[in-house]
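The shown structure was predicted, so the numbers you read here are calculated from the model rather than taken from an experiment.
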Amino acid sequence: MSALTAHRAHQPGPDPVAEGLLTMLAVVTLCLLVAGYGRGVQELWARRGAGRVIPAWRVAAFGVGVLTVLAAEQGPVHELAESSFAGHMAQHMLLLLVAGPLLAAGAAGLPLSLAAPVPLRRLLARWRVAPAVRRLRRSTTYALLAGGGQTVVLWFWHLPGPYAAAVDRPAVHAAEHLSLLATAWLFWAPVLGPPRHRAPAPVTVLLLVGAMLPASALGAALTFAPAPVYPDRMLGADPLADQQLAGLLMWAPMDLVVLVVALTVFLRWLLRMDRDRPDALAGGPFRHGGGPVASRRGTEGMVR
């Protein structure tokens with residue numbers, strides 16, 4: 001075992017009972033979330049047919065997203081996070097770049113609302129049609145708020161003070177991971193959610209690139225810092241190397257995932273424009289009034 005992983009950067013919490021209760025609460029919450037989602041999907045499929053409204057691949061994505069959350073919080077990933085800052089960053093990237101997108105692709109809004117009790121369902125329906133909420137639910141407004149929210153949360157929890165509080169206090173640590181997962185879920189919803197809720201392609205590309213740049217700046221700051229930003233007790237056996245590796249784990253995967261998704265969205269937008277309006281992209285002839293010039297065959301038909 002290397003010195004980096006053998007060193008225990010994050011000592012056990014001062015209250016193991018509280019930590020155990022928080023873990024139990026997280027597991028129960030995930031179980032309720034899965035049960036509610038499954039109940040809503042079952043009701044939708046019973047009404048509309050299996051695979052309708054919520055396709056099977058979205059259900060599978062949601063399930064894998066939940067499993068990713070469990071994998072990030074328990075097992076080898078958790079042990080690695082306890083031993084180094086780089087391990088903790090890998091945990092964060094699993095929540096931000098794997099679990100968040102998969103949960104967003106699951107399109108859980110409708111199934112969870114159907115699984116809710118009738119009074120709560122009615123309250124949600126009234127809340128959705130309120131003027132202020134309707135403005136916030138506009139795809140462009142929502143995308144901008146979601147991107148800004150993820151950027152603020154990401155930077156906040158990687159400042160030395162909040163990060164130290166998360167390492168030392170289990171409740172704060174749980175709040176850190178919950179906020180990272182929630183903002184990632186909300187951020188990816190207008191990108192991977194149902195088509196009717198997605199932001200326009202140009203807005204989506206700007207959202208992805210705009211959110212990538214602050215995250216890249218944070219990763220670069222951690223990678224190229226001449227000295228450790230955090231207390232040595234929170235880093236691995238080689239504090240500076242541990243911090244630099246953590247910065248690279250944030251920087252490279254974030255840029256790669258966001259750029260691939262942004263490029264995919266952009267290319268699909270161009271292909272859709274080419275299919276729907278081929279003359280607009282091909283530079284077909286246009287008359288001065290703004291409409292296309294009639295073809296020779298069509299003109300001959302009119303003359304005849």
Shared hydrophobic cluster for Met254 and Phe156 (ILVMFWY, side-chain gaps under 4.5 Å): yes
Any residue meeting ring pair (Phe, Tyr, Trp, His ring centres under 6.0 Å) with Phe62, in chain and number order, not counting sequence neighbours: Tyr37
From CA spacing to verdict: side-chain contact (heavy atoms from CB on, under 4.5 Å), Trp188, Leu208: CA-CA 9 Å; Trp188 288 101; Leu208 291 169; 3.9 Å; yes
Leu33 vs Leu112 side-chain heavy atoms within contact, under 4.5 Å: yes
Closest contact, heavy atoms only, Val77 versus Ala71: CB-O, 3.4 Å
Cluster check Leu144, Phe187: I/L/V/M/F/W/Y, side chain < 4.5 angstrom: no
Arg47 side chain reached by Val53 side chain, heavy atoms, under 4.5 Å: no
Aromatic ring proximity, centroids under 6.0 angstrom, His88 and His177: yes
Rounded distance [0.5 Å steps], CG in Leu97 versus OG1 in Thr68: 11.5 Å
Side-chain heavy atoms of Gln150 within contact of Leu207, under 4.5 Å: no
Between CG on residue Leu263 and CG on residue Leu267, distance to nearest 0.5 Å: 4.5 Å
side-chain contact (heavy atoms from CB on, under 4.5 Å) evaluation trace for Phe85 with Val229: CA-CA 11 Å; Phe85 180 40; Val229 177; over 6 Å; no
4.5 Å side-chain heavy-atom contact, Met234 and Asp168: yes
Any residue meeting salt bridge (charged side-chain N to carboxylate O under 4.0 Å, His left out) with Arg272, in chain and number order, not counting sequence neighbours: none
Separation between CG of Leu154 and NE2 of His92, rounded to the nearest 0.5 Å: 9.0 Å
Connected via hydrophobic side-chain network under 4.5 Å: Val261 and Val209: yes
Gln91 versus Ala72, closest heavy-atom pair with distance: NE2-O, 2.6 Å
Spatial distance of atom CG (Leu213) from atom OG1 (Thr151) [nearest 0.5 Å]: 9.5 Å
Heavy-atom closest contact (Gln243 atom, Ala227 atom, distance): NE2-O, 3.4 Å
Heavy-atom side-chain contact between Leu256 and Pro253 under 4.5 Å: no
Same apolar cluster: Leu180 and Met250, side chain cutoff 4.5 Å: yes
Cluster overlap Leu30 with Val41, hydrophobic side-chain contacts below 4.5 Å: yes
Worked verdict on Met212 versus Val257 for side-chain contact (heavy atoms from CB on, under 4.5 Å): CA-CA 9 Å; Met212 178 193 70; Val257 170; over 6 Å; no
Distance, nearest 0.5 Å, that separates OG of Ser84 from CD of Glu79: 11.5 Å
Nearest atoms (heavy-atom pairs only) where Gly40 meets Ala115: N-CB, 4.1 Å
Side chain proximity check, Met89 to Trp251, heavy atoms < 4.5 angstrom: no
Separation between OH of Tyr230 and CG of Leu159, rounded to the nearest 0.5 Å: 7.0 Å
Flag side-chain contact, heavy atom, 4.5 Å: Leu186 against Tyr142: yes
Heavy-atom check, side chain of Arg39 versus side chain of Leu114, under 4.5 Å: no
Shortest non-hydrogen contact from Glu176 toward Ala166: OE1-CB, 3.6 Å
Polar contact flag, side-chain donor to acceptor under 3.5 angstrom, Trp157-Ser179: yes
Nearest heavy-atom neighbours spanning Ser83 and Leu80: OG-O, 2.9 Å
